[in-house]
Amino acid sequence: MVREQYTTATQGTNIERPEKQYVYNIGIYGWRKRCLYLFVLLLLIILVVNFALTIWILKVMWFSPSGMGHLRVTSEGLRLEGESEFLYPLYAKEIHSRVDDSLLLHSSQNITVNARNSDGHIMGRLTVGPNAIETHGQQFQINSANGKMLFSVDEHEVLVGTDKLRVTGPQGALFEHSVETPLIRADSSKQLRLESPTRSLSIDAPKGVHIKAQAGNIEVLSQQDIKLQSSDGMLVLDAETVRLPKLSLPTPPSDSRRNSGNSQELYEICVCPDGKLYLSVAGYGSTCQEYSRDCQ
């Protein structure tokens with residue numbers, strides 16, 4: 001916009017009339033100026049709204065210099081108070097509860113704990129499911145409070161480190177293979193029974209096998225044969241009475257006469273060359289030769 005300026009003078013003054021000057025004013029006028037003010041006002045409104053939302057978010061999320069909500073940042077790591085829900089895997093070096101409270105892990109499906117090596121491969125896994133607890137690893141071990149091994153399992157063997165292993169089930173314990181232990185004992189009010197329904201039962205020891213019943217009998221039952229074998233020693237039957245009730249009574253030979261000394265039905269135990277025992281009617285002398293036909 002160009003504006004012409006004029007100077008006026010009163011009579012009697014001699015003022016030189018300046019030459020015609022043109023002044024150029026540069027600016028924004030009209031609708032452009034109103035649009036600029038509207039834009040600045042809009043930016044100011046957005047700034048106020050953003051600031052209010054930021055304050056609201058900080059208040060709702062409980063942001064503070066030490067953390068967010070129940071999550072606190074300490075020199076030892078992160079401290080989370082109350083109940084928390086994790087929608088994705090959680091990676092941590094150590095998880096522990098407060099000193100005066102217990103640690104509770106809850107899941108609607110299962111809880112899986114994985115241990116990885118430096119290459120990212122899973123070396124150990126513990127899965128707690130609704131129906132079973134599974135663990136995968138090279139070795140599973142349970143220790144006591146003082147560090148003593150109580151139970152250990154690996155690919156080759158199972159170790160029980162307690163002083164006593166008690167099986168309280170009514171059916172006892174079933175072992176498909178051998179068992180190595182220094183002592184097998186039942187409770188004072190229970191009976192001890194070692195049984196192999198379809199296979200053989202073998203008891204071996206380098207220095208001897210000791211079977212003892214404090215107040216009761218010892219019974220050994222078998223469908224076929226029972227073998228008591230000693231490679232270097234002897235078999236000793238040390239008892240007040242030794243009975244063999246299943247030995248059949250001998251049949252006297254047809255050409256032999258009844259010995260008068262057998263009025264009390266006394267018999268003699270004879271042994272065949274193969275170790276078989278048989279009875280013969282006792283006499284003044286040995287009668288095993290007369291009844292040796294039982295060895296045939």
Side-chain angles (χ1 to χ4, degrees), residues 74-80 83-84 86 89-216 218 220:
T74 62
S75 58
E76 299 178 355
L78 297 179
R79 180 178 179 179
L80 186 60
E83 297 182 0
S84 303
F86 298 94
L90 174 64
Y91 299 89
K93 181 180 180 181
E94 180 181 356
I95 300 176
H96 61 87
S97 63
R98 296 185 304 179
V99 179
D100 57 345
D101 200 357
S102 60
L103 178 62
L104 176 62
L105 301 178
H106 176 74
S107 175
S108 59
Q109 296 296 327
N110 55 50
I111 298 176
T112 303
V113 180
N114 295 330
R116 302 177 182 269
N117 57 6
S118 57
D119 298 332
H121 299 157
I122 297 177
M123 303 302 298
R125 173 182 296 172
L126 175 62
T127 303
V128 181
N131 299 324
I133 299 177
E134 298 181 2
T135 176
H136 300 268
Q138 297 180 356
Q139 184 179 8
F140 177 76
Q141 184 170 332
I142 300 176
N143 297 331
S144 62
N146 56 4
K148 180 181 178 182
M149 189 273 295
L150 301 179
F151 185 77
S152 177
V153 180
D154 57 16
E155 187 178 357
H156 303 286
E157 61 182 359
V158 177
L159 298 179
V160 179
T162 57
D163 298 334
K164 181 186 297 184
L165 174 62
R166 174 176 292 183
V167 180
T168 59
Q171 300 297 329
L174 176 62
F175 301 96
E176 296 183 357
H177 300 283
S178 61
V179 179
E180 181 178 353
T181 178
L183 177 64
I184 299 177
R185 183 178 62 185
D187 291 339
S188 57
S189 60
K190 303 294 183 179
Q191 295 183 357
L192 176 62
R193 183 176 181 179
L194 302 179
E195 180 182 2
S196 178
T198 59
R199 294 294 185 270
S200 61
L201 178 63
S202 176
I203 302 177
D204 301 328
K207 293 185 178 181
V209 178
H210 182 67
I211 302 176
K212 183 178 181 181
Q214 295 288 350
I218 296 177
V220 181

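Remember, predicted model here, so these are calculated numbers, not experimental data.
- Two residues are said to be in side-chain contact when any heavy atoms from C-beta on lie closer than 4.5 Å; F140 and D154 fail this criterion.
- Residues passing the side-chain hydrogen bond (donor to acceptor under 3.5 Å, both in side chains) test with N143 are Q141, sequence neighbours excluded.
- Side-chain contact between L159 and M149 is present, with heavy atoms from C-beta onward closer than 4.5 Å.
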Please assess T112 against R125 for the test side-chain contact (heavy atoms from CB on, under 4.5 Å), listing each intermediate value before the final yes or no. CA-CA 7 Å; T112 303; R125 173 182 296 172; 3.9 Å; yes
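- Interatomic distance, I133 CD1 to L126 CG, rounded to the nearest 0.5 Å: 7.5 Å.
- Within the model, atoms CG of N110 and OG1 of T127 stand 6.5 Å from one another, a figure rounded to the nearest 0.5 Å.
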Output, in order, the C-alpha distance, side-chain angles, deciding distance and verdict of side-chain contact (heavy atoms from CB on, under 4.5 Å) for F151 and V158. CA-CA 8 Å; F151 185 77; V158 177; 3.6 Å; yes
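- Crowding of E157 atom CD: a count of heavy atoms from other residues, nucleotides or ligands under 6.0 Å exceeding 12.
- Note that CG of N114 and NE2 of H136 are 9.5 Å apart. Values are rounded to the nearest 0.5 Å.
- Enclosure of atom CD in Q109 is not indicated, since only 12 or fewer non-hydrogen atoms of other residues, nucleotides or ligands lie within 6.0 angstrom.
- N117 places a side-chain N or O within 3.5 Å of a backbone atom of D119 that can act as its donor or acceptor partner.
- By the 4.5 Å heavy-atom criterion applied to side chains, Q138 and M123 are counted as neighbours.
- The line from CD1 of I211 to CG of L192 is 9.5 Å long, rounded to the nearest 0.5 Å.
- Applying the side-chain hydrogen bond (donor to acceptor under 3.5 Å, both in side chains) test to R116 and every residue at least two apart in sequence or in another chain returns nothing.
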